[in-house]
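Residue numbering restarts at 1 for every chain, and letters A, B, ... go by the order of the sequence lines. Not measured: the values here are computed from a predicted model.
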Amino acid sequence: MTAPSLSPVTATNLIKNLCRQRSFAVARRLFVEMPHRDVVSWTAMISGYASNGCHEDALATFCRMIASGVSPNRYTISSVLTSCRGLQSCCAGVAVHGMAVRWGIDNGAYVDNVLLDLYASFGCIGDAEAVFKNMTDRTVVSWTTMIAGYTRIGHGYTGLLLFKQMIQECTELNAFTCSIAIHACSSIGCATIGQQLHALALKTRHDSSLPVANSLLNMYSRCMNISEAKKFFHEMPRKDLITWNAMIASLERSNSHEALLLFLEMGSQNMQPTSFTFSSVVAACANLAILNCGRQVHGAAIRRDHQRNLQVANALIDMYAKCGSIGNSRKVFDEITEKDLVTWTSLVIGCGMNGYGAEATEIFHEMISSGVQPDQVLLMSVISACSHAGLVDQGLRYFSLMDIQYNVPPNREIYGCVVDLLARAGRITEAYQMIETMPFEPDETIWGALLGACKMHKNVYFGRLAAQKIFDMWPNESKTYVLLSNIYAAGRAWGDFAEMRRCLREQGNKKEVGMSWIEVRDEVRGFASGDRSSSPHIVLVYQTLEELIQQMNQDGCESDSHWVLHDFSGVT
DNA sequence: CTAGGGTTAG
């Protein structure tokens, strides 16, 4: 059958179905061969493209329609606005909005609802708000779009206020709105509202919707403790991939070992892991620094062709770096064709933490030459890499250039990093002056960096000062007492040392022992400093340590073992 | 011929 013999209605339906099957070429030929193309057939073609992700084609078809003298209607406008949003083109969206106003077709809830989403997703929440206020026929979609828009830009609380207003105005509540409201609640971490929303979901029976249940699971893991989330997960009558991914992602943040166990269980339930799953599981391996396991997960990702997913690849760079296998980080990095800022930052951080400061700066410059705009996280990583590699002056140069050359204003974290850079290098006075003159209130991490450096460089004067500041902010932080007492010990200020130890004992503030672990063949072995009973091979370990220290001393390196004794006496 | 939802990373 050829196009001319089809009725316009049949041809339109056919175009719609062909687009849904992604047979765009056939749909287009059918459209072109239609003897008479009215606004409905043009719109069918545009919306066929728009609702199947071909936004450029939708926009181009819209332009041809205008050029051929056919006026759009509200259906056309809402389809083409969908594509403007899909192309992330605020300009195109504003232009189409303007045309709609000129043609007098900007009314109607459908057009307004797309406009809301368009403005909200470009962060122009004020424009969205203006459209919303002028709407005479707000639907539940309008409310939901606004709540989602506010949540996306980090104003979850405003979103929840709108939700409350919506309920009061008796707008029907559906599962869409329910899940986005719960999401808004997770984003601000409010457990009380979260429980109220759970009750509301139960009352309205929307809890049986999987998206609602999944956002409740996410809410429990972000607003309450992980055991609540686990309980909810196990009690869910139905679970889909998103359910498993959400649970694994939340375990990755709290207990990476359990995340790996759940990943295995997911496989035994015949759920196929997605890129989401792999990025969480790779991150879990990174947290545990277990290289062998990480390589196996990498292999599993390759077998399922998820290693090309950018988030997975970025997680792999981080994982290899944290496992000390920076060469593999580089390999993964080199294979990524479309790198984003996180890709570059992951490698810079990886180099920095492995002591490759020069390489970190090289990669940074490579990124700048390729035209990517850096942000505060990246500049902090570069300065931190310089700090850890002892490239003090280079780090200071990046700091002084960041505002004028890279258009990145330094934030408090970056000032903290520079304080650390100076203090670590023994330039304690300069570090202190930096704290005093910076445009931010120093927090306990900044004073902590100074205090740590004072310990390293045995500076009693500034150590006492930094510790005092931290006591003012965190009176019960036993770590501070330990650090300061060690500084006193180093300065032979034994009276002060004894006083600090007395405070520590009086406080009775028992600190958890810092554990470390190492992967030996297929096993992970944990150990703590001073622990002489955790392994049958511990005698051999200490013998080897002694030999290393002797070797270091022979080579002219001063070993600093007396700190170890002070650090762990009194802290259990 | 038209609109809104749940899970990932530095």
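Contact check on A:Arg308 versus A:Glu335 returns no salt bridge, with no Lys/Arg side-chain nitrogen under 4.0 Å from an Asp/Glu carboxylate oxygen.
A:Thr76 comes within 4.0 angstrom of nothing in the nucleic acid, heavy atoms only. A:Ser209 comes within 4.0 angstrom of a base, heavy atoms only. A:Val282 comes within 4.0 angstrom of no nucleic acid atom, judged by non-hydrogen atoms across all strands. Note on A:Asn218: only backbone sugar-phosphate atoms sit closer than 4.0 angstrom, heavy atoms only; bases stay farther off. At the heavy-atom level, A:Asp375 lies under 4.0 Å from base atoms of the strands shown. Within the 4.0 angstrom heavy-atom criterion, no nucleotide atom of any strand lies near A:Ile182. No engagement by A:Arg138 is indicated, since no non-hydrogen atom pair under 4.0 Å with the nucleic acid exists. The residue A:Ser275 sits close to a base: some heavy atom pair falls under 4.0 Å. No contact: A:Asn309 has no heavy atom under 4.0 Å from any strand. Note on A:Ala175: a base of the nucleic acid sits closer than 4.0 angstrom, heavy atoms only. Looking at heavy-atom distances under 4.0 Å, A:Thr177 makes contact with a base. Residue contacts for A:Arg152: at a heavy-atom cut-off of 4.0 Å it reaches no nucleic acid atom on any strand shown.
Between A:Ser71 and A:Met65 the shortest side-chain heavy-atom distance does not fall below 4.5 Å.
A cation-pi arrangement is absent between A:Arg74 and A:Tyr110 under the rule of less than 6.0 angstrom and at most 45 degrees off the ring axis. Annotation: cation-pi pair A:Arg138/A:Phe132 present, NZ/CZ under 6.0 Å from the ring centroid and within 45° of its normal.
With a cutoff of under 4.0 Å to any heavy atom of chain A, the contacted region of DNA chain B is bounded 5' to 3' by B:dC1 to B:dG10.
The aromatic rings of A:His306 and A:Phe278 sit tilted, their planes meeting at an angle between 30° and 60°.
Among residues two or more places apart in sequence or in another chain, the side chain to side chain contact (heavy atoms under 4.5 Å, CB included) test is passed with A:Thr345 by A:Leu341, A:Ile349, A:Val377, A:Leu378, A:Ser381.
Within 6.0 Å of CZ on A:Arg64 lie more than 12 heavy atoms contributed by other residues, nucleotides or ligands.
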